[in-house]
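Below, each value reflects all heavy atoms present in this structure, side chains not excepted, and no hydrogens, waters or symmetry copies. Just so it is clear, the model here is predicted, and its values are computed rather than measured. Numbers here are sequence positions counted from 1.
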Amino acid sequence: MTYSLAIHGGAGALLKQNMTPEKEAAYHAGLARAVEAGEAVLRDGGSAMDAVVASVCALEDEPLFNAGRGAVYTSEGKQEMDAAVMDGRDRRAGSVAGVFGPKNPIRLAHAVMERTEHVTLIGPNALEIARQAELPFGDHDYFFTQSRWDALQKTLELRARGEVSDDPARRHGTVGAVARDEAGNIAAATSTGGMTANAPGRVGDTPMIGAGTFADNATCAVSGTGHGEIFIRWNAAGEIAARMRHAGEDLATAANHVVMQDLANHDGSGGVIAVDAAGNIAMPFNSQGMYRGMVRKGLAPETSIY
């Protein structure tokens, strides 16, 4: 009877030389709140699914992270959010793409899983599910973050000069959680605002089951953060599970291979958090940093950046 939980607030952390003590403290505090939100569910005997949704909601509510309230802007100055959940008990999953309005897109992804026969919804029909589920909505002022708007303007200015941003956070912003509950079930949840100045309508790996989000009690639960197009092409989350299932690798070996070889060798900078049915946790990343945290029953929670 044990539980474990891991979270991430995105790979591509601020460069160390740009990280002030105040910013670092704020990131650690935000990560700690998300760990506590998920552990509170597990501590009370709740499900892995409810725990990962709770953790991701806390991250979506924190403007420091690129999801929910802190979502970045597309090249047209809009915010389009993706989210997904997957239950390791039966591989049920729900995801949404390109949505704007619900304060917590992860709750909408969960509602898609619980209320429909589908896995993925987009557009007005996805928002209708949110209304039926009575999820809270936010307006443009709620989702506005000055730093995200400034990042868009900088990126557009660079593009106009034919230059490319060297900010690793531009294409790595995602949040996620994976958990193993006391019943031995696992689950994953991931949410993102996309890439700064990405094309309108672009969908990354987050809502694509097997790419950025995956869970199966037989192997592992995974939430990814990084260069989404590469995670999609290399089926990153599903590949970790496949290596465990077919090659007999343990969680750490499988996750490290996918992140440090499959992804890293193909411009797939980023990382993953993963948990198996025994509660083992792996959090490999090939970027300079990855905002992350973890906790196991009976142990003190930990948060890290670099």
Side-chain angles (χ1 to χ4, degrees), residues 2-12 38 48-49 51-52 55 84-93 95 172 174-181 184-190 192 204-296 302 304:
T2 188
Y3 62 73
S4 55
L5 169 79
I7 68 161
H8 71 77
M49 175 59 69
V52 295
S55 283
V85 298
M86 190 166 185
D87 193 325
R89 291 175 296 183
D90 50 14
R91 290 205 188 193
R92 285 203 306 155
S95 71
H172 295 104
T174 309
V175 307
V178 294
R180 188 263 195 196
D181 60 33
N185 297 311
I186 60 178
T190 317
T192 185
D205 61 305
T206 291
M208 296 191 182
I209 302 304
T213 307
F214 185 78
D216 184 348
N217 278 5
T219 51
C220 60
V222 181
S223 175
T225 168
H227 189 177
E229 279 68 14
I230 307 303
F231 277 61
I232 293 169
R233 289 163 57 194
W234 264 260
N235 193 40
E239 180 68 12
I240 294 171
R243 297 187 71 88
M244 294 178 68
R245 179 187 294 275
H246 302 299
E249 294 181 350
D250 61 27
L251 179 70
T253 301
N256 277 308
H257 180 94
V258 170
V259 172
M260 307 310 291
Q261 295 188 48
D262 292 350
L263 297 176
N265 293 337
H266 298 93
D267 192 32
S269 56
V272 304
I273 54 171
V275 66
D276 64 19
N280 297 305
I281 292 173
M283 298 189 289
F285 57 94
N286 59 43
S287 49
Q288 179 173 135
M290 181 171 75
Y291 303 106
R292 61 200 187 278
M294 60 176 285
V295 68
R296 291 187 176 94
E302 304 172 15
S304 305

Item to check | Intermediate values then yes/no, side chain to side chain donor-acceptor pair (under 3.5 Å), Asn217 and Asn185 | outcome: CA-CA 6 Å; Asn217 278 5; Asn185 297 311; 2.8 Å; yes

Checklist entry - Could you go step by step and tell me if Met86 and Phe214 meet the side chain to side chain contact (heavy atoms under 4.5 Å, CB included) rule? => result CA-CA 6 Å; Met86 190 166 185; Phe214 185 78; 3.9 Å; yes

Next on the checklist: Determine whether Thr225 and Phe231 satisfy the following criterion, side chain to side chain contact (heavy atoms under 4.5 Å, CB included), listing intermediate values before the conclusion.
Outcome noted: CA-CA 9 Å; Thr225 168; Phe231 277 61; over 6 Å; no

Checklist entry - After noting the C-alpha distance and the side-chain angles of Asp216 and Thr219, does the key distance pass the side chain to side chain donor-acceptor pair (under 3.5 Å) rule? => result CA-CA 6 Å; Asp216 184 348; Thr219 51; 4.5 Å; no

Checklist entry - side chain to side chain contact (heavy atoms under 4.5 Å, CB included) between Val258 and Leu263: does it pass, once the steps are laid out? => result CA-CA 6 Å; Val258 170; Leu263 297 176; 4.2 Å; yes

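Applying the salt bridge (Lys or Arg N to Asp or Glu O under 4.0 Å) rule to Arg92 yields the partners Asp90, Glu114; only residues at least two apart in sequence or on another chain are considered. With sequence neighbours left out, the side-chain hydrogen bond (donor to acceptor under 3.5 Å, both in side chains) criterion links Ser223 to His8, Thr190.
Annotation: side chain of Phe285 is in contact with side chain of Arg292 (closest heavy-atom distance under 4.5 Å). At a threshold of 4.5 Å between non-hydrogen side-chain atoms, the residues Val275 and Met294 do not count as touching. You'll find the side chain of Val295 stays beyond 4.5 Å of the side chain of Glu302, heavy atoms only. Using a 4.5 Å heavy-atom cutoff, the side chains of Thr206 and Thr174 are in contact. No side-chain heavy atom of Tyr291 sits under 4.5 Å from any side-chain heavy atom of Val175.
Remark: the backbone N or O of Thr2 is paired with a side-chain donor or acceptor of Arg180 at under 3.5 angstrom. Formation of a donor-acceptor pair under 3.5 Å by the Ser55 side chain with backbone atoms of Gly38 is found in this model.
Residues Arg296 and Gly279 approach most closely at NE-O, 3.7 Å, considering heavy atoms. Looking at every heavy atom in both residues, Ala274 comes nearest to Val222 through CB-CG2, 4.0 Å. Leu251 and Ala282 make their closest contact through CD2-N, 3.8 Å (heavy atoms, listed as atom of the first residue, atom of the second, distance). The nearest pair of heavy atoms linking Val259 to Gly271 is CG1-CA, 4.3 Å. Closest of all the heavy-atom pairs between Met290 and Ile273 is CE-CG2, 4.2 Å. Contact detail for Ala187 and Ala221: the closest heavy-atom pair is O-CB, 3.5 Å.
In this structure, Met49 CE and Arg89 CZ are separated by 7.5 Å, a value rounded to the nearest 0.5 Å. Within the model, atoms CG of Asp87 and CD1 of Ile186 stand 9.0 Å from one another, a figure rounded to the nearest 0.5 Å. In this structure, NE2 in His227 is found 7.0 Å from OG in Ser269, a value given to the nearest 0.5 Å. Going from atom CG of Asp276 over to atom OG of Ser4 covers 7.5 Å, rounded to the nearest 0.5 Å. The line from CG of Asn256 to CG of Asp262 is 11.5 Å long, rounded to the nearest 0.5 Å.
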Distance-only donor-acceptor pairs under 3.5 Å for side chains of residues 234-244, two or more places apart:
unit_1	atom_1	unit_2	atom_2	d
Arg243	NE	Glu249	OE1	2.9
Arg243	NE	Glu249	OE2	3.4
Arg243	NH1	His257	NE2	3.3
Arg243	NH2	Glu249	OE2	2.8

